[in-house]
2 protein chains.
Amino acid sequence: MKDGMTIGDAAKASGVNAKLIRYYESIGLIPEAGRTASGYRVYSGTDVNVLRFVKRARTLGFGIERIQKLVGLWQDRTRCSSEVKRIALQHIDELEAKIAELQAMRDTLHELADACHGDERPECPILKDLSS
Amino acid sequence: MKDGMTIGDAAKASGVNAKLIRYYESIGLIPEAGRTASGYRVYSGTDVNVLRFVKRARTLGFGIERIQKLVGLWQDRTRCSSEVKRIALQHIDELEAKIAELQAMRDTLHELADACHGDERPECPILKDLSS
DNA sequence: TATGGGGCTTCCAACGATTGGAAGGTCAAG
DNA sequence: CTTGACCTTCCAATCGTTGGAAGCCCCATA
């Protein structure tokens with residue numbers, strides 16, 4: 001084997017857990033790895049690059065399905081950057097929506113917590129709000 | 001039955017899906033409902049109030065486990081509001097952390113998308129970042 | 001060469017909250 | 001009596017990740 005490595009080595013090199021690598025393979029996000037005679041998965045430097053790409057994309061919050069598209073575009077020399085940008089903007093929109101949702105929760109809770117004395121008395125605006 | 005209603009009625013009255021009501025019962029978030037002779041679950045106005053409390057708490061992003069504590073405090077006349085406030089502040093902290101995480105994703109993506117021409121050319125800073 | 005330990009394999013399950021479907025029983029109106 | 005809307009339970013899928021169990025493989029050391 002030239003630069004073939006085991007799944008553990010690929011995990012260390014890519015930062016993606018070995019279990020997760022198998023999972024990614026099982027759902028078709030990454031191609032099936034080659035195998036040694038005894039059944040061990042074999043990975044190349046190229047495979048590790050793909051794994052790193054996936055990890056970085058996950059860090060940015062992309063879902064698996066979208067990462068699949070991004071990997072496809074990444075490996076397509078004739079891609080249009082507009083296609084990549086479209087996916088990114090779509091993801092940004094979803095992030096914005098989620099952020100707004102969480103901020104609304106936080107703001108409401110903040111108001112309620114501010115109004116709550118937080119002492120030994122049972123009187124509590126937070127519970128009052130929840131039961132209204 | 002005085003004000004006994006079916007699970008469908010309770011769902012309409014509380015805004016909590018019938019399936020979800022059964023799920024909440026199965027995990028012990030709400031007590032087991034009474035039953036008619038033929039096995040139908042029976043709900044009272046009090047039960048609906050609990051369901052509404054749960055729904056509102058879910059809307060504010062509280063997890064089931066914490067909602068269980070909140071329901072317990074709600075029904076405990078000798079509670080300290082400090083205990084409720086502590087749970088709320090803890091939840092706010094988690095919301096803040098999640099918001100910050102999503103904002104970091106959004107900001108990074110925003111920069112990358114800004115730098116991307118988004119035309120028919122394959123050159124793409126977004127993919128470049130992901131593969132770095 | 002035997003033995004041990006660590007890494008590899010597959011399969012199955014759990015997380016949290018929700019939703020969906022299938023198969024079958026019940027109720028009320030027409 | 002039939003029809004349709006409701007109810008019941010059980011099982012499965014979602015999303016991404018992690019954990020465990022049982023068993024095989026490989027390498028180093030005694």
Side-chain angles (χ1 to χ4, degrees), chain A residues 1 4-30 32-43 47 50-51 53-71 91 94-95 97-98 101-102 105, chain B residues 1 4-30 32-43 47 51 53-71 90-91 94-95 97-98 101-102 105:
Chain A
M1 4 178 168
M5 47 183 136
T6 65
I7 197 170
D9 295 333
K12 278 175 204 153
S14 67
V16 180
N17 196 286
K19 281 229 149 166
L20 212 36
I21 296 177
R22 293 193 196 96
Y23 170 69
Y24 287 160
E25 179 185 316
S26 78
I27 61 171
L29 173 59
I30 57 176
E32 287 192 20
R35 300 278 181 149
T36 66
S38 59
Y40 281 23
R41 286 176 179 80
V42 182
Y43 296 88
D47 294 328
V50 174
L51 286 170
F53 184 99
V54 170
K55 185 181 177 62
R56 174 79 178 132
R58 285 291 302 137
T59 300
L60 290 178
F62 285 103
I64 298 290
E65 201 169 347
R66 242 168 229 164
I67 294 177
Q68 219 150 1
K69 288 182 194 165
L70 289 172
V71 171
H91 184 45
E94 294 175 10
L95 287 172
K98 191 69 187 169
E101 185 189 345
L102 297 182
M105 292 175 182
Chain B
M1 6 181 167
M5 48 184 133
T6 67
I7 196 170
D9 295 332
K12 276 174 205 153
S14 67
V16 180
N17 196 287
K19 278 223 159 193
L20 212 37
I21 296 177
R22 292 192 196 97
Y23 170 70
Y24 287 160
E25 179 185 315
S26 80
I27 61 171
L29 174 58
I30 58 175
E32 286 191 23
R35 301 277 181 151
T36 66
S38 60
Y40 281 25
R41 286 176 180 79
V42 183
Y43 295 88
D47 295 328
L51 286 170
F53 184 98
V54 170
K55 185 180 178 63
R56 174 78 179 135
R58 284 294 303 136
T59 300
L60 290 178
F62 284 103
I64 298 289
E65 201 169 348
R66 242 168 229 163
I67 294 177
Q68 219 150 1
K69 288 182 195 164
L70 289 173
V71 172
Q90 201 174 344
H91 184 45
E94 293 175 11
L95 286 172
K98 191 71 188 169
E101 185 188 345
L102 297 181
M105 293 176 180

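Chain identifiers are assigned alphabetically (A, B, ...) following the order of the sequence lines, protein sequences preceding nucleic acid strands; residue numbering begins at 1 within each chain. Quick caveat, the model's predicted, so the values are computed rather than measured. The figures that follow rest on heavy atoms only: side chains count, while hydrogens, waters and symmetry mates do not.
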Q. Can you list the steps and then say if B:Tyr43 with B:Asp9 is a side chain to side chain contact (heavy atoms under 4.5 Å, CB included)?
A. CA-CA 8 Å; B:Tyr43 295 88; B:Asp9 295 332; over 6 Å; no
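Contacts classified as side-chain hydrogen bond (donor to acceptor under 3.5 Å, both in side chains) and involving residues 21-30 of chain A (residues at least two apart or in different chains) are given here: A:Glu25-A:Arg41.
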Let me have the donor-acceptor pairs involving side chains of residues 10-19 of chain A, under 3.5 Å, with sequence neighbours excluded, atom names and distances please.
{"residue": "A:Ser14", "atom": "OG", "partner": "A:Ala10", "partner atom": "O", "Å": "2.7"}
{"residue": "A:Ser14", "atom": "OG", "partner": "A:Val16", "partner atom": "N", "Å": "3.1"}
{"residue": "A:Asn17", "atom": "OD1", "partner": "A:Lys19", "partner atom": "N", "Å": "2.9"}

For residues 58-68 of chain B, run the donor-acceptor check on the side chains, cut-off 3.5 Å, and write out each pair with its distance to 0.1 Å, sequence neighbours left out.
{"residue": "B:Arg58", "atom": "NH1", "partner": "B:Phe62", "partner atom": "O", "Å": "2.6"}
{"residue": "B:Thr59", "atom": "OG1", "partner": "B:Lys55", "partner atom": "O", "Å": "2.9"}
{"residue": "B:Arg66", "atom": "NH1", "partner": "B:Glu94", "partner atom": "OE1", "Å": "3.1"}
{"residue": "B:Arg66", "atom": "NH1", "partner": "B:Glu94", "partner atom": "OE2", "Å": "3.4"}
{"residue": "B:Arg66", "atom": "NH2", "partner": "B:Glu94", "partner atom": "OE2", "Å": "2.8"}
{"residue": "B:Gln68", "atom": "NE2", "partner": "B:Gly28", "partner atom": "O", "Å": "2.9"}

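Under the salt bridge (charged side-chain N to carboxylate O under 4.0 Å, His left out) criterion, A:Lys69 pairs with no residue, sequence neighbours left out.
Note: CE (B:Met5) to P (C:dC27) measures 19 Å, nearest angstrom. Rounded to whole angstrom, the span from the CG atom of B:Leu51 across to the P atom of C:dT18 amounts to 12 Å.
Between A:Val54 and A:Leu29, some side-chain heavy-atom pair lies under the 4.5 Å cut-off. B:Ile7 is not listed as a side-chain neighbour of B:Tyr40, based on a closest heavy-atom distance of 4.5 Å or more.
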Q: Can you check each nucleotide of nucleotides 8-22 of chain D against protein heavy atoms at under 4.0 Å and return B for base, S for sugar-phosphate only, - for none, in 5' to 3' order?
A: BB------BBSBB--
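A sub-4.0 Å separation between OP1 or OP2 of C:dT26 and a side-chain N or O of B:Ser38 is absent. Within the 4.0 Å cut-off from OP1 or OP2 of D:dC7, at least one side-chain nitrogen or oxygen of B:Thr6 is found.
Between its two ends, the helix from C:dT1-D:dA30 to C:dG30-D:dC1 turns its axis by 30°, counting five pairs per end and rounding to 10 degrees.
The structure places CG of B:Asp47 at 7.5 Å from CD1 of B:Ile30, a figure rounded to the nearest 0.5 Å.
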